[in-house]
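Everything on this sheet refers to the single structure shown next.
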Amino acid sequence: MHRKHKMTTANNHLSLSQSDLLQFANRGLLLHRWKFAPRYVDELLEHLPRLSIGRSETVAMESDGETARAFHGGQTDNHTFEQLTRLSVLLEAAQQILRDRAYVYQFKVNLKSAFAGDAWPWHQDYSFWANEDGMPISRALTAAVFLDEVSEFNGPMYFIPCSHRAQLPNGRTAPTVAEPPVTWQRHVGSTDLSYQTDRNKVTELAAVHGLVAAKGPRGTILFFDSKIVHASPANVSPMSRRILFITYNSITNRPTTLRRPAFLVNRDMRTLDVVEPHPEIIEPASDFLE
Ligand code: SIN
Ligand code: MN
């Protein structure tokens with residue numbers, strides 16, 4: 001039995017409003033009106049190395065073979081990150097959007113290192129989750145938490161607003177350039193990403209809806225739909241672009257194929273209890289996406 005849980009709290013000022021929910025439904029992305037304060041981002045950064053120490057099998061490397069590209073999983077072994085996934089600004093917002101209780105499907109940090117962080121080709125996340133994990137429907141979303149300021153210089157994510165509503169095939173399987181030693185690495189790679197959106201479709205959708213570059217200060221919280229088409233360019237700047245991603249899935253939408261490692265598809269599918277953040281770690285965000 002799940003403990004009874006409030007899905008929305010009308011008088012909770014941190015909750016998403018009806019207009020936020022409408023915006024997410026229409027555009028497939030939403031900048032939260034609240035962001036994390038610098039001191040909390042510092043705390044997350046302090047704990048970041050723990051996501052890789054002794055967990056080298058979960059670290060994806062850039063094609064140079066030297067630079068770490070992403071850390072996967074590890075949140076359940078670290079109190080700071082475990083609590084982060086439960087904070088109402090993230091978890092309750094996700095549950096409002098999903099209109100259901102949620103659990104953490106995937107947790108990762110993309111490091112996009114200064115000078116070396118490579119691109120992400122155009123794709124939809126749901127292609128991976130449907131094709132690889134048998135996720136029944138796209139009732140999942142991702143919360144991005146910026147650990148660095150993201151500007152036009154350090155490889156911001158590009159989104160095509162409204163593209164989550166386009167009828168697209170479930171991801172073109174990109175030709176294998178050279179099979180890497182472990183298949184999952186093609187799910188987090190740069191040039192050889194397994195499922196990519198057809199470029200003609202990207203062109204069509206961008207002509208209709210335009211593009212958004214997700215820029216903002218450290219601590220920014222951005223939600224995006226599992227089907228929104230997105231990409232990001234390489235980071236040639238001297239500033240790193242670390243973004244932490246928490247994917248929340250509806251507890252009624254559990255994956256049916258558990259062949260990928262647990263650090264990519266979390267096996268603990270129990271719903272989480274919401275934790276209210278200390279008021280000092282939350283502050284108002286300013287608009288940046290338009
Ligand atoms: C992703 O698509 O999962 C990440 C893209 C990025 O980090 O720029
Ligand atoms: Mn993605």
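Order of listing sets the numbers, starting from 1, for every ligand and every atom in it. Predicted model, so just to flag it, every value in this text is computed and none were measured.
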Tell me the ring pair (Phe, Tyr, Trp, His ring centres under 6.0 Å) pairs involving residues 236-265, sequence neighbours left out? W184-F263
Which of the atoms of ligand 1 are close to S232, meaning less than 4.0 Å from one of its heavy atoms? 6 (C), 8 (O)
Any atoms of ligand 1 less than 4.0 Å from a non-hydrogen atom of K108? List them with their elements. 1 (C), 3 (O)
Need the ligand 1 atom indices (1-based, order shown) with element for anything under 4.0 Å from a heavy-atom of H230. 1 (C), 2 (O)
Under 2.8 Å from the Mn ion (ligand 2), the protein N, O or S atoms, given as residue and atom: H123 NE2, D125 OD1, H230 NE2
Is it true that the side chains of T85 and Q75 contain a donor and an acceptor less than 3.5 Å apart? no
Could you check atom 4 (C) of ligand 1 against the protein and tell me its nearest heavy-atom contact, residue, atom and distance included? N110 ND2, 3.1 Å
Examine the proximity of ligand 1 to R242 and report which part, side chain or backbone, both or neither, has a heavy atom under 4.0 Å away. neither
A quick test of your reading: do over 12 heavy atoms of other residues, nucleotides or ligands sit less than 6.0 Å from CZ of R39? no
Numbered in order shown, the ligand 1 atoms found under 4.0 Å of a heavy atom of M157 are 5 (C), 6 (C), 8 (O)
Output yes when E62 and R69 qualify as a salt bridge under the 4.0 Å nitrogen-oxygen rule, no when they do not. yes
Can you find a side-chain donor-acceptor pair between T252 and D100 that sits under 3.5 Å? yes
Check for me whether K227 meets the cation-pi criterion with W122, that is, NZ or CZ under 6.0 Å from the six-membered ring centre and within 45 degrees of the ring axis. no
R165 and C162: side-chain contact (heavy atoms from CB on, under 4.5 Å), yes or no, with the steps? CA-CA 6 Å; R165 292 194 274 127; C162 309; 4.0 Å; yes
Measure the shortest side-chain to side-chain distance between Y126 and D225 over non-hydrogen atoms and say whether it is less than 4.5 angstrom. no
Side chain or backbone, does D125 bring an N or O within less than 3.5 Å of an N or O on ligand 1? no
